[in-house]
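Presented below is the structure to which this report refers.
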Protein chains: 2
Amino acid sequence: MTVTIYDVAREAGVSMATVSRVVNNNPNVKPQTRKKVFEAIERLGYRPNAVARGLASKKTTTVGVVIPDISNAIFAEVARGIEDIANMYHYNIILCNADKKKDKEIRVINTLLEKQVDGLLFMGGAVTDEHLQAFRTSNVPIVLCATTDENGTIPSVDIDHEAAAFDAVQTLIKQGHTSIAMIGGTLQDPANGYSRFQGYKRALETSGLTYDENLVRIGNYRYESGAEAMKHFLDLPVRPTAVFSATDEMAIGAIHCIQDNGLRVPDDFSVISVDNSRMASMVRPQLSAVAQPMYDIGAVSMRLLTKLMKKETVEQAKVVLPHEVVMRQSVGSK
Amino acid sequence: MTVTIYDVAREAGVSMATVSRVVNNNPNVKPQTRKKVFEAIERLGYRPNAVARGLASKKTTTVGVVIPDISNAIFAEVARGIEDIANMYHYNIILCNADKKKDKEIRVINTLLEKQVDGLLFMGGAVTDEHLQAFRTSNVPIVLCATTDENGTIPSVDIDHEAAAFDAVQTLIKQGHTSIAMIGGTLQDPANGYSRFQGYKRALETSGLTYDENLVRIGNYRYESGAEAMKHFLDLPVRPTAVFSATDEMAIGAIHCIQDNGLRVPDDFSVISVDNSRMASMVRPQLSAVAQPMYDIGAVSMRLLTKLMKKETVEQAKVVLPHEVVMRQSVGSK
DNA sequence: CTGTTAGCGCATTCAC
DNA sequence: GTGAATGCGCTAACAG
């Protein structure tokens, strides 16, 4: 039924070793016979079996990608960067959603390893000892994508979330705001949650503003939670004049909450966030945000992984990509 | 270095066949020895090699997914549906972006087939003879996801795009609009382009309205192209009063174009689209749209594929999921 | 219930 | 340049 390398060999009147050579572009084949083999391949409609090849060569040219949620625009953009570079280096990717749930993450890491992926790209929540444990059971290279581990022992590529948040809040402060609220994520989330919150606090301190816990609400990164948080701020006896959101989507929720209550952005409230997803320019007023290069994070981490897989020596195993604040219309001066 | 089934067998004092049985949950193993084997597995840290298993069993428990662009919210949502169900049935997915480019599609289909996927989910542009050709070279089941082939020979799951567009335009007509513009996609695109355009025309005809080609613009599904198209309509000597957009994103572009020109939605213009992505409720005014069940399309197509892979007989190989118009705030009466 | 024996389709020595 | 032989790690009959 299925035509194998052996069939091709017989058809071409050569050995399977030779067929293997031409299929793998080994130069040690006379052009003459190479041609014969190609013709036989064509005639028989031979298609190499990558699984057999993987077993024999111990290389599958596929990498595993564990991602929190592919339907989240941010991660989807990272994934696109990963896939583009993977494709460029002739790797395929096995994609697994893990929703930042530790057990699910551990589980998919293991099945990915069973599938003998040549490398692993991990995008998730906190990197715990259990993760490290799971990583250690294999000897394929791993790179953390849009996350970091505390000890910094694993290669990773990300932005400096703390600094990004700091810069966002600073631009608010520079505009004269002194009462700045924050809509954050759970502190369990090291990057989007904890670090961005730390950046917020540091920005306040640096400028001599006092931190007020009534001015921070924790959301779940979704639009609705941004609106809810904003509602809370609007109900405060003394309202802040600006809000920093850990993500675009919550920021947009906040903007609409403000508008739905008859107030205006940026006249009555300034809002800024971190992300700069495509949605940022798809709202009115357009959202000012600290840009996080999602696509590049994916692309660079995949590129790093290819190097690791080829056992090339990499100088920089922990890369921090730059962020930048892009001002649009949602921030005004006080 | 790597511990194999043979090592486990020796450690447990049984044959490799027995180890294979317990690993595969074959009931024909005495609980006694099953326990011994599990202990040996634990002690040695054995991890089954899925590649070897795949070669021996001719099943890889992975399916290939060709998708136009994972960074597009619509497709990402479909992908999530696919992955969830795949995961439920213990399949993994290899994800390949193909940008609706025919050659790229053909190419990834072939590499997916080389990787011996157990099934293929195809999401793309038109299904040409070349595609059929490529599909035919393998005997794994294929299902078209959010697309259909003309002859209807391949299993597929999608909505009725023509009817969805028809319904969208009809709701505009019911509100008293008689001059309705359309922002569409390229007619080369069978689902989002051609079919939705056909639905638009039929709705006009059905209601005795005349089709005016000056009232239709072709966009590229992105926000900016929606705005540009709308700009064109605004510049017309006699403006339409409503616009139907083939996608949410272009509709939002149109809304903002209207607003940026000092006009109002729905007071001056009504707008409706097909998709109903999460963004629809993240604009002001909130977008009315015909809902297309993206997640379900993915989930159902994956479910269908699992049946096909198990060689279960499926009664309905061409499933058309229902759509529904959800009215929000962007449509008003004339 | 358990062990023996063959491959699965290919890459890879090692000879020639 | 090319061929013969071996094994990658596992499943699948087939015996017993």
Side-chain angles (χ1 to χ4, degrees), chain A residues 1-38 40-41 44-62 111 113-118 138-140, chain B residues 1-38 40-41 44-62 90 111 113-118 137-140:
Chain A
M1 187 67 229
T2 62
V3 19
T4 76
I5 203 174
Y6 183 74
D7 301 320
V8 176
R10 205 153 30 83
E11 175 80 10
V14 300
S15 73
M16 22 184 306
T18 301
V19 178
S20 176
R21 289 196 185 90
V22 342
V23 169
N24 291 296
N25 270 313
N26 184 317
N28 295 345
V29 180
K30 209 179 352 174
Q32 183 66 249
T33 69
R34 180 184 301 278
K35 182 154 169 290
K36 272 197 310 190
V37 172
F38 272 131
I41 286 177
L44 267 41
Y46 168 70
R47 163 181 295 142
N49 180 326
V51 172
R53 185 184 291 197
L55 183 58
S57 70
K58 293 172 170 304
K59 280 186 179 48
T60 55
T61 63
T62 106
T111 89
L113 259 19
E114 285 185 6
K115 298 234 171 182
Q116 311 299 119
V117 293
D118 293 339
S138 95
N139 33 28
V140 305
Chain B
M1 185 67 230
T2 63
V3 20
T4 75
I5 203 174
Y6 183 73
D7 301 320
V8 176
R10 205 154 30 81
E11 175 81 9
V14 299
S15 72
M16 17 183 310
T18 301
V19 177
S20 175
R21 287 194 186 93
V22 341
V23 169
N24 291 295
N25 268 314
N26 183 318
N28 296 344
V29 180
K30 209 182 351 178
Q32 183 65 249
T33 69
R34 177 184 303 277
K35 183 154 170 288
K36 272 196 310 189
V37 172
F38 272 131
I41 287 179
L44 268 42
Y46 168 69
R47 164 180 294 142
N49 180 327
V51 172
R53 186 184 290 196
L55 183 59
S57 69
K58 294 173 167 306
K59 281 186 178 47
T60 55
T61 61
T62 107
H90 304 289
T111 89
L113 259 19
E114 284 185 7
K115 299 233 171 181
Q116 311 301 118
V117 293
D118 293 339
T137 62
S138 95
N139 34 28
V140 305

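Below, chains carry the letters A, B, ... as their sequence lines are ordered, and counting in each starts from 1. Not measured: the values here are computed from a predicted model.
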Derivation of the side chain to side chain contact (heavy atoms under 4.5 Å, CB included) call for I41(B) and V23(B): CA-CA 9 Å; I41(B) 287 179; V23(B) 169; 4.1 Å; yes
Main-chain N/O of N28(B) paired to N26(B) side chain as donor or acceptor, under 3.5 Å: yes
Could you report the tightest heavy-atom contact between [X] and [Y], atom names first, then the distance?
X	Y	result
S138(A)	V140(A)	OG-N, 3.2 Å
V3(B)	V8(B)	CG2-CG2, 4.3 Å
S15(B)	A9(B)	C-CB, 3.7 Å

Within residues 28-36 of chain A, residues whose heavy atoms come under 4.0 Å of DNA chain D: N28(A), V29(A), K30(A), T33(A)
Test side chain to side chain contact (heavy atoms under 4.5 Å, CB included) applied to K36(B) and T33(B), step by step: CA-CA 5 Å; K36(B) 272 196 310 189; T33(B) 69; 4.3 Å; yes
Got a list of side-chain donor-acceptor pairs under 3.5 Å for residues 44-59 of chain B, not counting sequence neighbours?
residue : atom : partner : partner atom : Å
R47(B)  : NH1  : T137(A) : OG1          : 3.4
R47(B)  : NH2  : N110(A) : OD1          : 2.8
R47(B)  : NH2  : T137(A) : OG1          : 2.8
N49(B)  : OD1  : V51(B)  : N            : 2.7
N49(B)  : OD1  : A52(B)  : N            : 3.0
S57(B)  : OG   : R53(B)  : O            : 2.7
S57(B)  : OG   : K59(B)  : N            : 3.3
S57(B)  : OG   : K59(B)  : O            : 3.4

Please state how far atom [atom1] in [X] lies from atom [atom2] in [N], giving the value in whole angstrom units.
X	N	atom1	atom2	answer
Q116(B)	dC10(D)	CD	P	19 Å
N26(B)	dG3(C)	CG	P	13 Å
E114(B)	dG9(C)	CD	P	15 Å

Quick one: [atom1] on [X] to [atom2] on [Y], what's the gap to the nearest 0.5 Å?
X	Y	atom1	atom2	answer
T2(A)	N139(B)	OG1	CG	8.5 Å
T4(A)	M16(A)	OG1	CE	7.5 Å
T62(B)	K115(B)	OG1	NZ	9.0 Å

DNA chain C contacts among residues 10-24 of chain A, heavy-atom distance under 4.0 Å: M16(A), A17(A), S20(A), N24(A)
Within residues 44-61 of chain A: residues closer than 4.0 Å to DNA chain C (heavy atoms): Y46(A), P48(A), N49(A), A52(A), R53(A), A56(A), S57(A)
Audit row: D7(A), R10(A), side chain to side chain contact (heavy atoms under 4.5 Å, CB included) steps and yes/no: CA-CA 5 Å; D7(A) 301 320; R10(A) 205 153 30 83; 3.3 Å; yes
Contacts of type salt bridge (Lys or Arg N to Asp or Glu O under 4.0 Å), residue K30(A), not counting sequence neighbours: none
Axial bend angle, the helix from dC1(C)-dG16(D) to dC16(C)-dG1(D): five-pair end segments, nearest 10°: 30°
